[in-house]
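Structure, as structure tokens:
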Amino acid sequence: MNRILITSAIPYINGIKHLGNLVGSQLPADLYARYNRGRGREVMFICATDEHGTPAELAAAKAGQPVDEFCAEMHGVQAEIARGFRLSFDHFGRSSSARNQALTQHFAGKLAENGLIEEVVEQQVYSHADGRFLPDRYIEGTCPNCGYDKARGDQCENCTKQLDPTDLIDARSAVSGSTDLEVRETKHLYLRQSAMKDKLDAWISAKADWPVLTTSIAKKWLHDGDGLQDRGITRDLDWGVPVKKGDQDWPGMEGKVFYVWFDAPIEYIAATAEWADANGKADADWQRWWRTDMGADDVKYVQFMGKDNVPFHTLSFPATIMGSNEPWKLVDYIKSFNYLNYDGGQFSTSQGRGVFMDQALEILPADYWRWWLLSHAPENSDSEFTWENFQQSVNKDLADVLGNFVSRVTKFCRSKFGEAVPDGAYGDSEVALIDELTPRIRAYEGHMEAMDVRKAANELRAIWVAGNEYLQSAAPWSVFKENPERAAGMIRLSLNLIRLYAVLSAPFIPDAAATLITAMNTDDAWPDDVSAAMDVLKPGHAFTVPDNLFSKIADEEREGWQARFSGVRD
RNA sequence: GGCGGUGUAGCUCAGUUGGUUAGAGCAGCGGAAUCAUAAUCCGCGUGUCCGGGGUUCAAGUCCCUGCACCGCCA
């Protein structure tokens, strides 16, 4: 399979994500995308904003904007931050697109045709003042249990008791404060996931190579209690995909929209169609990624997400795909992540705790964050961000080991031989280094193929260290005094090593890699043959000495950030 | 209350289907070198693998139990 389809869980439109969100989906997805492109494979890397639902409506109202304008603006903000982190999406779509609307309605129609949609009448609270139905959590009142006066319709945060909105005393709308509420009957559509339980179970059971985090969460939902439950896929809202059966009206569902979790994963497909539209491509150009009857059988499809998104991607979305009875591409591998904690607690969007993506970029270039986050990715268990650890790791790995290697080699060369690759033969120590590097690079590739992010980072670091070890024992600065030609061979190898590092490191630290490629005045072809790769830069090849790749984080800086980010975001 | 997860060196973490003296990076200590961003390289770990039982020739690795922290659900 030389075509790889990669999707990252799509971030909600409401606000800017924190570093924990980033490392759980978009960043490792980008790492994998860049690696595969580096290996010469055809990659389609898709992400988007998840724009529908009540939180977006309320955030827009708070900002005094129509919800569509609000989303358009926030999409722009998130896209800009993604560029700042060098997330190399082929397309960053929007779940509110016409493409997604049509596809979502199409899937709903097919599911209905196949008897997988059930219409259910239920009771829900309607607010006359707001002119809308209110989700349970947007109804406030006094808790009948403990008397707390800001209990929510789904749960009292004070005594943690689960509530029904009708339990609340003096219930009022959390949106407007109005007490003019009424319980009304309303009809909703349910996706009959329970009818597909066995099929999903068999599918998941066959995925022995998936991370246990992924399969264990899926199995839990499949087998816990009464097993996989049907889920409502519609809501009484204005902002969303209107409920339709394909392009036909759906009697009795007028004025309702599909619930976000139904339309959000369909956006992976729709965003690829958006990509085609944006680039003047034909439908066949996106369908070859998604329709197994149009070439997608040759595609390897990998999804990246945090563990909170696993149920939707292992059960709900596959139920949608399978239930359509159409030849859509199912996911081949789901890479899931645990949570990243922040300095002893959790990152929290709602509480504004931790470092958010825009703030991170204000402080330091993307490469610093990319390197630390990926080399500490929460793969096997939750992991922890601390400022001391961040400072030490980044200073040591990036500035001291990699950056300083480049600096010492290029500056030594400039002072003794000038800014061109010197002419000198390779001896035993150079061959020995190549012999050490070759299995290391193969191991690095293996970890990248397996999406073992931390292991890949560790191997890459070891490859950087090998250069310093070599240089230290070869000691061209000493050899030069007696045998300049021998020293020239050592430096020629070291300059080629810099090029090698740039190529290998690009998925982790793309900006620094690009700087090195430019400085070395060379290309970024992958080192399939390490020996040959050590001979790309020929004697006489001109280069320039780059500025220091990474400046170090000073203690005072770290302390300042520590203080600045100790509280909550404004 | 139920279910699940985690608990390994000062810190962040690896430890495959139970099998030799439990590992890595960072920090710390000692040394070498001086090309380089006072960077680099070499050497140095007697850790109750949370506590307590148990299975086994053999357990960080399996079972039971207690404790701590964290999730999810009622």
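The figures that follow rest on heavy atoms only: side chains count, while hydrogens, waters and symmetry mates do not. In the text below, chain A, chain B and the rest are named by the order of the sequence lines, each starting its count at 1. Just so it is clear, the model here is predicted, and its values are computed rather than measured.
Rounding to whole angstrom units, CH2 of residue A:W371 and P of B:G25 are separated by 13 Å. Atom OH in A:Y342 sits about 15 Å away from atom P in B:U12, given to the nearest Å. When rounded to the nearest whole Å, the span between CZ of A:F390 and C1' of B:A27 equals 18 Å. The interatomic distance linking A:L495 (CG) with B:C35 (P) rounds to 17 Å, in whole Å. In this structure, A:N458 atom CG and B:G23 atom P are separated by 17 Å, rounded to whole Å. Per the geometry, CG belonging to A:L373 stands 14 Å off C1' belonging to B:U12, to the nearest Å. Note: CZ (A:R461) to C1' (B:U40) measures 16 Å, nearest angstrom. The nearest whole Å value for the distance from the NE2 atom in A:H447 to the P atom in B:U16 is 14 Å.
Stacking of A:K335 on the aromatic ring of A:Y32 is not recorded, the 6.0 Å distance cut-off and the 45° axial limit not both being met. With A:F550 as the aromatic partner, A:K552 does not meet the cation-pi criteria of under 6.0 angstrom to the ring centre and within 45 degrees of the ring axis. Because its NZ or CZ atom is not both nearer than 6.0 Å to the ring centre of A:F390 and within 45° of the ring axis, A:R558 does not count as a cation-pi partner of that residue. The cationic group of A:R235 lies under 6.0 Å from the six-membered ring centre of A:Y259 and within 45° of the ring axis, placing it in a cation-pi geometry.
Of all the heavy atoms in A:F312 and A:P318, the pair that sits closest is O-CD, 3.8 Å.
Put simply, the side chain of A:E384 and the base of B:U12 share no donor and acceptor less than 3.5 Å apart.
Within residues 393-418 of chain A, the residues that have a heavy atom under 4.0 Å from RNA chain B are, in order of number, A:K396, A:A399, A:D400, A:G403, A:N404, A:S407, A:R408, A:K411, A:F412. Of the residues in residues 543-557 of chain A, those with a non-hydrogen atom less than 4.0 angstrom from any atom of RNA chain B are A:N548, A:L549, A:F550, A:K552.
Taking atom P on both B:C26 and B:A68, the two are 36 Å apart, rounded to the nearest angstrom. To the nearest whole angstrom, the two C1' atoms, one in B:U6 and one in B:G45, are 25 Å apart. Of the C1' atoms belonging to B:U17 and B:G1, the separation is 36 Å, rounded to the nearest Å. Distance check on atom C1': B:U55 versus B:U21 gives 25 Å, rounded to whole Å.
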Could you go through A:W464 and A:W371, starting from their C-alpha distance and side-chain angles, then the distance that decides it, and tell me whether this counts as ring pair (Phe, Tyr, Trp, His ring centres under 6.0 Å)? CA-CA 14 Å; A:W464 294 341; A:W371 174 252; 4.9 Å; yes

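Note on ring orientation: taking the six-membered ring where Trp is involved, the planes of A:F356 and A:H18 are perpendicular (angle over 60°, cut-offs 30° and 60°). Relative orientation of the A:H313 and A:Y268 rings is tilted, given thresholds of 30° and 60° on the angle between their planes.
A side-chain contact (heavy atoms from CB on, under 4.5 Å) with A:F317 is found for one member of A:I321, A:L315, A:T314 and no other, namely A:I321.
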